[in-house]
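The structure appears below as structure tokens.
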Amino acid sequence: MTEKLIRKDENTIEVPIGYKAGMRVPGLIYLNAQLEKFLEPQAVAQVANVSTLPGIVGYSLAMPDIHTGYGFPIGGVAAFDLNEGIISPGGVGYDINCGVRLLRSNLTKQEVLPHIKDLVAAIYANVPSGVGSKGKIKLTPDEQKNVVLKGALWALEQGMGSDSDLEKTESEGMMTGVDETSISEKAYERGRNQMGTLGSGNHFIEIQYVSEIFNEKAAQAFGLFEGQVTVMIHTGSRGLGHQVCTDFLPIMERASKKYGIELYDRELACAPFHSQEAERYFSAMKGAANYAWANRQSIMHLVSESFIAALRGSPSSIGLSLVYDVAHNIAKEETHRVGKRDVRLIVHRKGATRAFPAGHPELPDIYRAVGQPVLIPGDMGRASFILIGTQDAMAETYGSTCHGAGRLLSRHGAIKAAKGRQIWKELLDAGVTVTSAGRGTLAEEMPEAYKNINNVISVVDSARISQKVAMLKPIGVVKG
DNA sequence: ATGTCC
């Protein structure tokens, strides 16, 4: 089947119309020859399946960290016309507004290294981790409503953060238009004790340092310098978002039938964007997205307290502040140029990061001259990257780029490969102090379970759908 | 990703 793929240039492969039945537009996968070796036929089939959905515009896109997901591939980007098109929970994923937040500091790697053990322990103690972890923050029903309506602003109102954090958060940490009744009691129940918690799987808090700068002007705008300590927080909407997705899948399946949408895979369940079902899902999705922004804002506060305790420093000497916060599992209404017209689209990014260019009206004043910070985590052993969005991304990918390295081994395969080894010790020997809540998590998440992030970044940088600003290397990790 | 199967 994959022999029907057409290599367009060194960074892109086309999935032609006719690759599978029902395709309305071609697929386009950002991938070089090296990463093509790992391309799963099932993920390609999912790119093709997405292109069968009504109202899809341009291409069914996928980023170089593509792998098989639920219905839509992870690494997938698909934009639909608001009038002709659909919204699909499978195009967002279970972890609604899973995303990444990056903090800068005034500290150097040399200043932090002597305290790294204490620091990792303090963060682990302050931010509950693991499946079903419960936080110190308990939300009353009234507060829950404020969380899903206000997002990061809710956390600020609790004294967790400063006003300037909002402009450094995608969508200012709050999507508007949430009807709080669109979220089920069960979803609220699952979210009640999970504010300020990390979760499990690939979620983490990582202490890093800036190991290399590729773009001085952008690095300066982001407050970054070589040798500086940074903190990356990767988590999402926890049980609340998961339950929202679970709740709406059967509703969307019924809606697909009701509105006569032919599904080439039942996991593509969706509804016309202006239908009652779609409006209800979009509202709940936005509420879950707001929960995730409140969560990352709360965790940032807990991390700040951990630095103060472990380093016995003052807030101003430590100087932890927000660089930016991106969502990589979300659907958003955006304006894009299609042909010669500006049109409103519903852009699904599932394991893909928004990458808006310099000058874009949605960027905050402080970053408008350089472009949106794009935050791409790698794995625990290698590196993570900061990039900026570009005009080419606007023209080709609805302002989107990759979201991570992408798995190489299955979870099971990773556990098998780690048998008899001490992954924590291997990482410590490589200069990374790591603590994990789950026994298996460390094995599932070990560096060799992931593709080399450098290959993925090299594709998006050379295809110019985002441009490298800095590389970050880990020195301490808290895993779920 | 996820009270990793109500």
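Here is the naming used below: chain letters follow the sequence lines, and residue numbers restart at 1 for every chain. Excluded from the calculations below are hydrogen atoms, water molecules and symmetry mates; all remaining heavy atoms, backbone and side chain alike, are included.
Cation-pi check for A:Arg382 over A:Tyr450 is not met; the charged atom does not lie both under 6.0 angstrom from the ring centroid and within 45 degrees of its normal. For the pair A:Lys286 and A:Phe282, the cation-pi criterion (under 6.0 Å, within 45° of the ring axis) is fulfilled.
Regarding A:Ile96, its CD1 atom lies at a distance of 12 Å from the C1' atom of B:dT2, rounded to whole Å. Rounded to a whole Å, the CG atom of A:Asp247 is 13 Å from the P atom of B:dC6. Residue A:Gln243 contributes atom CD, which lies 14 Å from atom C1' of B:dT4 at whole-angstrom precision. Between A:Gln194 atom CD and B:dT2 atom C1' there is a gap of 9 Å when expressed in whole angstrom units. The OH-C1' distance, from A:Tyr94 to B:dT4, rounds to 12 Å in whole Å. B:dT4 atom C1' lies 14 Å from atom CD of A:Glu445, rounded to whole Å. With rounding to whole Å, A:Leu198 atom CG is found 14 Å from B:dT2 atom C1'. One can place NE2 of A:His242 at 9 Å from P of B:dC5, the figure rounded to the nearest angstrom.
Contacts between residues 64-74 of chain A and DNA chain B, defined by a heavy-atom separation under 4.0 Å, are absent.
Within 4.0 Å (heavy atoms only), A:Thr246 reaches no atom of the nucleic acid at all. Counting non-hydrogen atoms under 4.0 angstrom, A:Lys350 reaches nothing in the nucleic acid.
Between A:Glu189 and A:Arg192 a salt bridge is recorded (basic side-chain N to carboxylate O distance below 4.0 Å).
Checked against a 6.0 Å centroid threshold, the rings of A:His67 and A:Phe38 do not count as neighbours.
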(request) List the steps and the verdict of side-chain contact (heavy atoms from CB on, under 4.5 Å) for A:Val77 and A:Phe72. (result) CA-CA 9 Å; A:Val77 177; A:Phe72 289 55; over 6 Å; no
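Counting only residues at least two apart or in different chains, ring-ring contact (aromatic ring centres under 6.0 Å, His included) contacts with residues 231-254 of chain A comprise A:Tyr94-A:His242, A:His203-A:His234, A:Phe204-A:His234, A:His234-A:His328, A:Phe248-A:Tyr281.
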